[in-house]
Amino acid sequence: MLQVSQLKENTQESIDKLNKKNYKDADAAVAEVIKLDDDRKSVQTNLDNLLAEQNNLAAQIGELFKQGKKDEADVLKQKTLELKEQSKTLVVELAEAEKNLYDKLVLLPNLPHSSVPFGKTPQDNEVVYEHGEIPKLYDKATPHWELTTKYDLIDFELGVKLTGAGFPVYKNKGAKLQRALINFFLDEAEKAGYIEVQPPILVNEDSGFGTGQLPDKEGQMYHCTVDNFYLIPTAEVPVTNIYRDTIQKKEDLPVKNTAYTPCFRREAGSYGKDVRGLNRLHQFDKVEIVQIANPENSYTILEEMRSYVAGLLQKLELPFRTLRLCGGDMSFASALTYDMEVYSAAQEKWLEVSSVSNFESFQSNRLKLRFRDEDKKTKLCHTLNGSALALPRIVAAILENNQTEKGIKIPSVLVPYTKFEWIN
RNA sequence: GGUGAGGUGGCUGAGUGGUCGAAAGCAGCGCUUUGCUAAAGCGCCGUAGUCCAAAAGGCUACCGAGGGUUCGAAUCCCUCCCUCACCGCCA
C-alpha cells in the first residue's frame, strides 16, 4: 500500500509512475486519494475537538462531585449528552472517511523505479544480462517429462491418484536431486550471510494480509476453512511477516533470512503445454531469500540479491538470462523486479526460475515494519525478496540440458549433495 | 476434545470507576563519579493521528478485538479471538 504522503509530496511524479505501470486514469485516482485524505483529516480534527471538550467536562464534573456540588454537575452532564450525540455521528463519519480512503488507496499499485522500462507485455521486458551457451542436444533428446519417466524420477500419475494434477511424486534419484538442491541452496544462502528460518507453511489471515495476498488474491491460495489458515504460496509470506508490527534497530539492518518451504498455488485456469511436467505445479519446493533494508541502500541490496541468484545459476552451469520487467509485466506490489530465466533446451524455451524484487515500503506500510532513524523517528523499512531458487524448473532444465546418450550428468557442484554423478 | 487461569509499554509486573498513557523493577539512551571495568547517583525512555515552518509543546486515540453501561472505563457487563496449565487423544 502506498503512503498518502508520497502522493502528496510528489504528486506529478507519482502520476507519471502510475502511468508507467499502465494504471488507468492515474491523475484522477491520485487526486481522489488526496482529497479523501483531506476529508478524513478534517473529520478527525472535528471529532478530536469534540472529544477534548467532553473530556474536559467530565473532569469538571468529577471535581464538582467531590465538592458536593451535585446540581452544577447535573447541568454539565446535560451538556455532555449533547456533545456525545454529535461525536457519535462523527465517529461514524470518520469510519466512513477512513474506509473511503483505504478502498481507493489499496487499488493503487506500487510506483515503479525510474529504471523500469515502459511496456505492457513480456515482450517489453529488458534483457539486462545473459550467461552461458544454449546447449546442443543429441538426436534423441526429449523433454523432461519423458526423462522423468524413462529414469523413474517423478511419477505424475501417482500424484494424481494421491491428490490431483500438479502434485507429483518424486522418486529415487529424482527425490534425492530435490533434496540435494534444497541443501545446496540453503548452504549457499548461509555463506552469503542469510540466517536460515523454518517458518510455518500455514499462515493466518493477518499474515496473508501483511504481504498482500489478502484480500485481493485470495483465490491463489489454498484455504483451510475449518481453521481459517492459508497454505503459503511462497516463504515470503511467513518470513516477511516475522517482522510485521516491529520497529527494527537501524544498526540491525539489513535483516537477511533464507527459508526452504514447500509452496502451494491453486493457479486456477492454467492448461496446455505451459503446465506440462514440472513447468507449473500446485505444490513445489523453493528456497527463498528475504531482506529487510534501510531505504537508503535497498537498491544496492537488490543488485546484490540479483547477482547472488545469478551466481547460483552459474554454479549449476545453466544458461540463463536476467530480465528487468517492464511496467506492465511487474507485480502489483513491486517497484523493480528482475526475473531470472533458465533455458530449457528440449522444450526450447526460457523458464522463469526466480523473481527478485524490491517492494520499497509498499509491503512494510501494511506490515507496519519500521526502523528508528537518527532523529528517533520511525520510518518504514524496505522489503526485498527473491527465489533462490524455485526447484521444479531448475530440475527440468538440469534434466533436459544435461541429457546425453549415457544418461543425465549431474552438475559437479551438486555431486557432493547427490552422491551420484549420473542418472542412468 | 474437557477443565482451569490469563491477555497491561522491549521484558517482568502493579493497577476494580475520575488524580492512569498507566506504579515499580529490568533492559536501553544521556550525563556525573571513576585509572579501566564494575558499581552508584541523576535525567530521559510506548505507538499512531493531528495542530505548529520546525523544535518545544498542545489535542486525540490506543492497556487482545469489537460492542455496551456511565458525565467519566485498563478497571463494570456482553460477544469474539488468542495464550498458558492440567487431563484425554495422537505423534
Side-chain angles (χ1 to χ4, degrees), chain A residues 1-9 33-102 104-105 198-210 214-215 223-230 238 241-253 255 292 361 363-381:
Chain A
M1 190 161 59
L2 290 172
Q3 301 169 78
V4 181
S5 58
Q6 275 176 292
L7 302 175
K8 275 192 178 167
E9 283 157 28
V33 164
I34 292 175
K35 183 192 167 293
L36 289 172
D37 187 58
D38 289 339
D39 291 350
R40 189 210 98 237
K41 215 184 275 189
S42 93
V43 176
Q44 174 93 61
T45 305
N46 289 340
L47 178 60
D48 284 355
N49 290 339
L50 212 52
L51 290 174
E53 209 176 325
Q54 283 178 55
N55 288 343
N56 194 285
L57 286 174
Q60 287 180 42
I61 290 169
E63 196 53 39
L64 289 171
F65 267 120
K66 250 181 220 167
Q67 298 170 8
K69 300 177 179 170
K70 195 168 175 306
D71 294 345
E72 287 180 44
D74 283 341
V75 175
L76 290 185
K77 267 196 200 179
Q78 199 53 42
K79 203 169 166 191
T80 55
L81 287 176
E82 290 164 25
L83 294 176
K84 212 170 159 185
E85 280 309 306
Q86 291 176 40
S87 58
K88 262 187 190 168
T89 318
L90 282 178
V91 166
V92 174
E93 267 182 52
L94 180 62
E96 277 171 13
E98 280 172 347
K99 185 172 187 306
N100 290 341
L101 172 64
Y102 175 83
K104 294 295 174 192
L105 197 55
Q198 261 192 47
I201 58 179
L202 287 172
V203 293
N204 60 26
E205 240 175 302
D206 286 346
S207 296
F209 178 83
L214 296 175
H223 187 194
C224 307
T225 51
V226 175
D227 295 294
N228 199 25
F229 293 147
Y230 293 86
N241 271 282
I242 290 173
Y243 305 99
R244 164 155 53 88
D245 266 315
T246 62
I247 300 174
Q248 298 295 312
K249 288 184 188 149
K250 193 185 171 195
E251 60 268 28
D252 290 345
L253 299 178
V255 173
I292 312 296
S361 58
Q363 285 184 328
S364 58
N365 193 24
R366 276 200 184 196
L367 290 160
K368 297 204 174 63
L369 166 48
R370 295 151 294 171
F371 71 101
R372 206 175 294 283
D373 209 359
E374 294 78 18
D375 53 5
K376 292 195 167 183
K377 286 192 175 155
T378 59
K379 283 189 181 170
L380 294 173
C381 297

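Convention: sequence-line order gives letters A, B, ...; per-chain numbering from 1. A quick note: this is a predicted structure, and the numbers were derived from the prediction, not measured.
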Residues which pass side chain to side chain contact (heavy atoms under 4.5 Å, CB included) with A:Lys377, listed by chain and number, not counting sequence neighbours: A:Asp375
In whole Å, measure the gap between the P atoms of B:C82 and B:A91 for me. 26 Å
Span that lies between the C1' atom of B:C63 and that of B:C11, in whole angstrom: 16 Å
Can you check the distance between B:A5 and B:C77, where both ends of the measurement are the P atom (answer in whole Å)? 14 Å
Got a list of protein N/O to nucleotides 50-58 of chain B N/O distances below 3.5 Å?
residue, atom, partner, partner atom, Å
B:U50, OP1, A:Arg40, NH2, 3.4

For residues A:Leu214 and A:Glu205, determine if any side-chain heavy atom of one lies less than 4.5 Å from a side-chain heavy atom of the other. yes
Distance check, C1' atoms only: B:G13 and B:C87, in whole angstrom units. 30 Å
Please set out all donor-acceptor pairs under 3.5 angstrom arising from side-chain atoms of residues 1-8 of chain A, sequence neighbours excluded.
residue, atom, partner, partner atom, Å
A:Gln3, NE2, A:Ser361, OG, 3.2
A:Gln6, OE1, A:Gln3, N, 2.9
A:Lys8, NZ, A:Asp37, OD2, 2.9
A:Lys8, NZ, A:Asp38, OD1, 3.1

Counterpart residues, salt bridge (charged side-chain N to carboxylate O under 4.0 Å, His left out), relative to A:Lys368 (two or more places apart): none
A:Asp227 CG to B:G1 C1', straight-line distance once rounded to whole Å: 14 Å
What side-chain donor-acceptor pairs closer than 3.5 Å can you find for residues 90-101 of chain A, not counting sequence neighbours?
residue, atom, partner, partner atom, Å
A:Lys99, NZ, A:Asp103, OD2, 2.7
A:Asn100, ND2, A:Glu96, O, 3.3

For B:U16 versus B:G88, give the span between their C1' atoms, rounded off to a whole number of Å. 37 Å
Taking pairing as Watson-Crick or G-U wobble with both contacts under 3.5 Å, can you name the mate of B:A48, or confirm there isn't one? B:U60
A:Asn228 CG to B:C80 P, in whole Å, measures 17 Å
Spacing of A:Leu367 atom CG relative to B:A48 atom P, expressed in whole Å: 15 Å
Dump the pairs, protein N or O against N or O of nucleotides 44-47 of chain B, anything under 3.5 Å, distances to one decimal.
residue, atom, partner, partner atom, Å
B:U47, OP1, A:Arg372, NH1, 2.6
B:U47, OP1, A:Arg372, NH2, 2.8
B:U47, O3', A:Arg370, NH1, 3.0

Counting only Watson-Crick or G-U wobble pairs whose two distances fall under 3.5 Å, which nucleotide matches B:A65? B:U79
Using whole Å, what does the distance between atom C1' of nucleotide B:C29 and atom NZ of A:Lys249 come to? 11 Å
Is any side-chain heavy atom of A:Leu369 less than 4.5 Å from a side-chain heavy atom of A:Ile292? yes
Return all side-chain donor-acceptor pairs below 3.5 angstrom for residues 45-61 of chain A, not counting sequence neighbours, or 'none' if the list is empty.
residue, atom, partner, partner atom, Å
A:Thr45, OG1, A:Lys41, O, 2.8
A:Asn46, ND2, A:Ser42, O, 3.4
A:Asp48, OD1, A:Gln44, NE2, 3.3
A:Asn49, ND2, A:Thr45, O, 3.4
A:Gln54, NE2, A:Leu83, O, 3.4
A:Gln54, NE2, A:Ser87, OG, 3.0
A:Asn55, ND2, A:Leu51, O, 3.4
A:Asn56, OD1, A:Gln60, NE2, 2.8

Interatomic distance where CG belongs to A:Leu94 and C1' belongs to B:C62 [whole Å]: 14 Å
With heavy-atom distances below 4.5 Å as the criterion, would you say the side chains of A:Leu36 and A:Asp39 are in contact? yes
Identify, with sequence neighbours excluded, every residue that meets salt bridge (charged side-chain N to carboxylate O under 4.0 Å, His left out) alongside A:Lys79. none
Watson-Crick/G-U partner (both atom distances under 3.5 Å) of B:A74: none
If the P atom of B:A65 is compared with that of B:A85, how far apart are they to the nearest Å? 23 Å
Value in whole Å for how far the P atom of B:U60 lies from CG of A:Leu51: 8 Å
Distance check, P atoms only: B:G43 and B:C52, in whole angstrom units. 35 Å
May I have the distance from A:Asn49 (atom CG) to B:G49 (atom C1'), rounded to whole angstrom? 13 Å
State the pairing partner of B:U19; accept Watson-Crick or G-U wobble contacts with both distances under 3.5 Å, and report none otherwise. none
Show each protein N/O and nucleotides 71-78 of chain B N/O combination with a separation under 3.5 Å, one pair to a line.
residue, atom, partner, partner atom, Å
B:C71, O2', A:Thr80, OG1, 3.4
B:G72, OP1, A:Lys84, NZ, 3.1

Given that both distances must come in under 3.5 Å, which nucleotide forms a Watson-Crick or G-U wobble pair with B:A54? none
Let's test this: given Watson-Crick or G-U wobble pairing with both distances under 3.5 Å, identify the partner of B:A24. B:U12
Sequence neighbours left out, what passes side-chain hydrogen bond (donor to acceptor under 3.5 Å, both in side chains) with A:Thr246? Give chain and number order. A:Gln248
Report the base-pairing partner of B:A40 (Watson-Crick or G-U wobble, both distances below 3.5 angstrom), or none. B:U32
So which nucleotide does B:G4 pair with, by the Watson-Crick or G-U wobble rule with both distances under 3.5 Å? B:C84
Under the ring pair (Phe, Tyr, Trp, His ring centres under 6.0 Å) rule, collect the residues that match up with A:Tyr230, sequence neighbours excluded. A:His223
Rounded to whole angstrom, note down the P distance from B:G15 over to B:A24. 15 Å
Mind checking the CG-CG spacing from A:Leu81 to A:Leu76? Nearest 0.5 Å is all I need. 11.0 Å
Please list, chain by chain and in numerical order, all residues satisfying salt bridge (charged side-chain N to carboxylate O under 4.0 Å, His left out) with A:Asp373, sequence neighbours excluded. A:Lys379
Roughly how many Å is it from NZ in A:Lys88 to P in B:G67, rounded to a whole number? 12 Å
